[in-house]
Protein chains: 2
Amino acid sequence: MNRRPTIIDVARQAGVSKSTVSRVIRGDGASVREATRRRVEEAIAALGYEHNAVASSLRTERTNTIMLAIPDIANPFWPDVARGVQDVMDEQGIAVVFANSDWEGRREKAFLRMASRNRFDGVLINPIATDNDELRALSLPIVLIGSREDFPDFDTVGSDSYGAACQALDYLASLGHRRIGLIRGRGKSRPGYSRLRGYLDYGHESGLPLDESYVVQVNFDFEGGGQGLRHLLSPSAPLPQPPTAILAANDILALGALQAAHELDVDVPGALSIVGMDDIFAAVTTTPPLTTMAKPKYEIGRKAAGMLLERMEGGGQERPQRHILPCTLRKRGSTGPAAL
Amino acid sequence: MNRRPTIIDVARQAGVSKSTVSRVIRGDGASVREATRRRVEEAIAALGYEHNAVASSLRTERTNTIMLAIPDIANPFWPDVARGVQDVMDEQGIAVVFANSDWEGRREKAFLRMASRNRFDGVLINPIATDNDELRALSLPIVLIGSREDFPDFDTVGSDSYGAACQALDYLASLGHRRIGLIRGRGKSRPGYSRLRGYLDYGHESGLPLDESYVVQVNFDFEGGGQGLRHLLSPSAPLPQPPTAILAANDILALGALQAAHELDVDVPGALSIVGMDDIFAAVTTTPPLTTMAKPKYEIGRKAAGMLLERMEGGGQERPQRHILPCTLRKRGSTGPAAL
DNA sequence: GCGTGGATTGGGAACGTTCCCAGTATAGAC
DNA sequence: GTCTATACTGGGAACGTTCCCAATCCACGC
């Protein structure tokens, strides 16, 4: 007896048919006489009617909801991306929900199955355990976040890590550094080859002695950054001379390196310069604050959302597009002229 | 012609009725002969049938999805809470989606309306623009995250900020500090009176000179923390003597204070001790690393999820419960004995 | 061989909306 | 006043599932 009112109840109350109520609710251009519309709206208010989105979705095959699937909500990279996505989708009246797989492939797959079971109109994803063919099998509008060459059938939106590495090295070179180390992350399925390629290529072009002996690969976390630094500065390392500057593959590694430098009493930036990548919040709180290559996180979100909308509307027969947005250098305190 | 197969197609293919297919799919205890079940499963595989969750929800009035509504996904507090929530809900086969209002009341309300339009079975929320009565009007299972006395009709799960403030002060007192400043946040609708109450009460009980003159209120961000510190240490402040230790209402304020101390050449912890609250990632990356009161974020998530499940299952006529979990002190480098 | 009862199965009626098409007002032209 | 085009409205049939109840099957005991 106390069940929720439906459009039929509203129709009865307003003395019209359910079709007319539906027209009023949908609010698309459907023509309803002004007086009728008002009567329906009064009936809605009087009954406290709430639109049943599930029933609507069943008929229209649209949920007006998209999924943003990310591997790690704790990574400060994603909130800004999410903001960009939301700002675009909001204008279209589309809700964005987050699916956080927490680096568990099982969860990612569960979320994707949920998406294909009709709950979502589209998916933005940075995949960790799903490959090109599996995504294609979902036959859903999908746009990838991240520069992933291994997904030839999908639009991708990423940032130019390769160019960022070169730009960072160029800045360090301009400060007089010649021996520059690279701390790479190993792990979690994110290769990050682009940074290494940028590093090696820049070495070739510039004539600086950038080679594998200045590259160290560590776990992709704070402690890893410290280990990387210790290794590069250690007297036992097979390095002719230790580096005077270090580029880290992301800020977390860079912050670990910075803290290790403090512990070793190495002056930053006096004796050693450090550059990170991403520009997370913590980069600004350290002493000295971290110089880093900022990724255009918000723009990545906006761009990806825009492309997904296109896929959702246009039948989506166009060829996959790849967008790579440039990074920008944020000069802070952790870099300085090379020691003589 | 290329539309997605339904259970009717599966039924035809397997030579059974749609009811039987439905029984197989639901996988609850419904009795189906083993041979029949196998035939149905083969038909499902052959046709590539995918369960239509929207249609199912329409009939069952369950979506097996809950919403976790938070104000600020960029706040490192939430990821850990989310992990706790997900770990509990996963076991029940319930998906968790995030609704990030980005401190916009408009968005929060939009998400809640979406929830009440039948898309979600329950809501976990830390509300910013919705009050007790508005939440009740949704007539949905809801559990609040955060110790909110202003929501008498709902279960809440929060942490003991009051006790945490006392505990931090006790630790500082044990190090010999007598003049202890408090940097409070102003803003965003989160009063944080509990910390102030803890501060004043502790002053009363311990006999330390903790009073309003040592309390400063600033914007709830990194810069605010710096301003607070400058104010407390400034010679023009109306303080008899500057504090030798500072308690900040959260880590972001504490980190701002720490950086300001560096800029003023105040030695931490030699001349000044600083304690934060929350234990975010950045707290461990500074020099010195920040001593802070860690909130039981993961446990808050688990507990809140568990309570929501109870509400969703039991008709939910029990009285609202309030759970307050204790915080723990993380001793790091930013605290030391009081200078003489 | 027959009756009994539990295990299986089938068929139709929801669930609440939107779509489609036909029907009815209404206004303007003559 | 009649005719016609257009604006508006109504009614039934989907959408794909689950629920409910009735029908059938089968094994068992007699």
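Proteins come first, then strands; the chains are lettered A, B, ... in the order of their sequence lines, and each starts at number 1. All figures in this text were calculated on a predicted structure; none of them were measured in a lab.
When rounded to the nearest whole Å, the span between CD1 of B:Ile25 and P of D:dG16 equals 13 Å. Here the P atom of nucleotide C:dT17 and the CD atom of B:Glu61 are 11 Å apart, to the nearest Å. Straight-line distance from the CD1 atom of A:Ile7 to the P atom of C:dC15: 13 Å, rounded to whole Å. If you take CZ of A:Arg119 and P of D:dG16, they are 16 Å apart, rounded to a whole angstrom. To the nearest angstrom, P of D:dG16 lies 12 Å from CG of B:Leu58.
Salt bridge annotation for A:Arg322-A:Asp153: absent, with no cationic side-chain nitrogen under 4.0 angstrom from a carboxylate oxygen.
Here the shortest heavy-atom pairing between A:Arg311 and A:Arg319 reads NH2-O, 3.3 Å. B:Ile66 approaches B:Phe120 most closely through the heavy-atom pair C-CD2, 4.0 Å. For the residue pair B:Ser56 and B:His51, the shortest heavy atom distance occurs at CB-NE2, 3.6 Å.
A cation-pi arrangement is present between A:Lys295 and A:Phe77 under the rule of less than 6.0 angstrom and at most 45 degrees off the ring axis.
If you check the side chains of A:Arg23 and A:Ser19, you find no donor sitting under 3.5 Å from an acceptor. B:Arg4 and A:Asn118 form a side-chain donor-acceptor contact under 3.5 Å, judged by distance and modelled atom types alone.
Panel note: side chain A:Glu108, backbone A:Thr130; a donor-acceptor pair is recorded below 3.5 Å. Remark: the backbone N or O of B:Val10 is not paired with any side-chain donor or acceptor of B:Lys18 at under 3.5 angstrom. A donor-acceptor contact shorter than 3.5 Å is absent between the side chain of B:Gln86 and the backbone of B:Arg83.
Taken over five-pair windows at either terminus, the axes of the helix from C:dG1-D:dC30 to C:dC30-D:dG1 are inclined to one another by 40° (rounded to 10 degrees).
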For nucleotides 9-13 of chain C, list the nitrogen or oxygen atoms of the protein found under 3.5 Å from its nitrogen or oxygen atoms, one pair per line.
unit_1, atom_1, unit_2, atom_2, d
C:dT9, OP1, B:Thr36, OG1, 2.4
C:dT9, OP2, B:Arg33, N, 3.0
C:dG10, OP2, B:Ser17, N, 2.7
C:dG10, OP2, B:Ser17, OG, 3.3
C:dG10, OP2, B:Thr20, OG1, 3.0
C:dG10, N7, B:Arg23, NH2, 3.0
C:dG11, N7, B:Ser19, OG, 3.0
C:dG11, O6, B:Ser19, OG, 2.6
C:dG12, N7, B:Lys18, NZ, 3.1
C:dG12, O6, B:Lys18, NZ, 2.9

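Near DNA chain C, meaning a heavy atom under 4.0 Å from it, residues 43-53 of chain A has A:Tyr49, A:His51, A:Asn52 in order of number.
Taking side-chain N and O atoms only, B:Arg26 has a distance below 4.0 Å to OP1 or OP2 of D:dC19.
Heavy atoms of other residues, nucleotides or ligands lying less than 6.0 angstrom from CD of B:Glu134 number more than 12.
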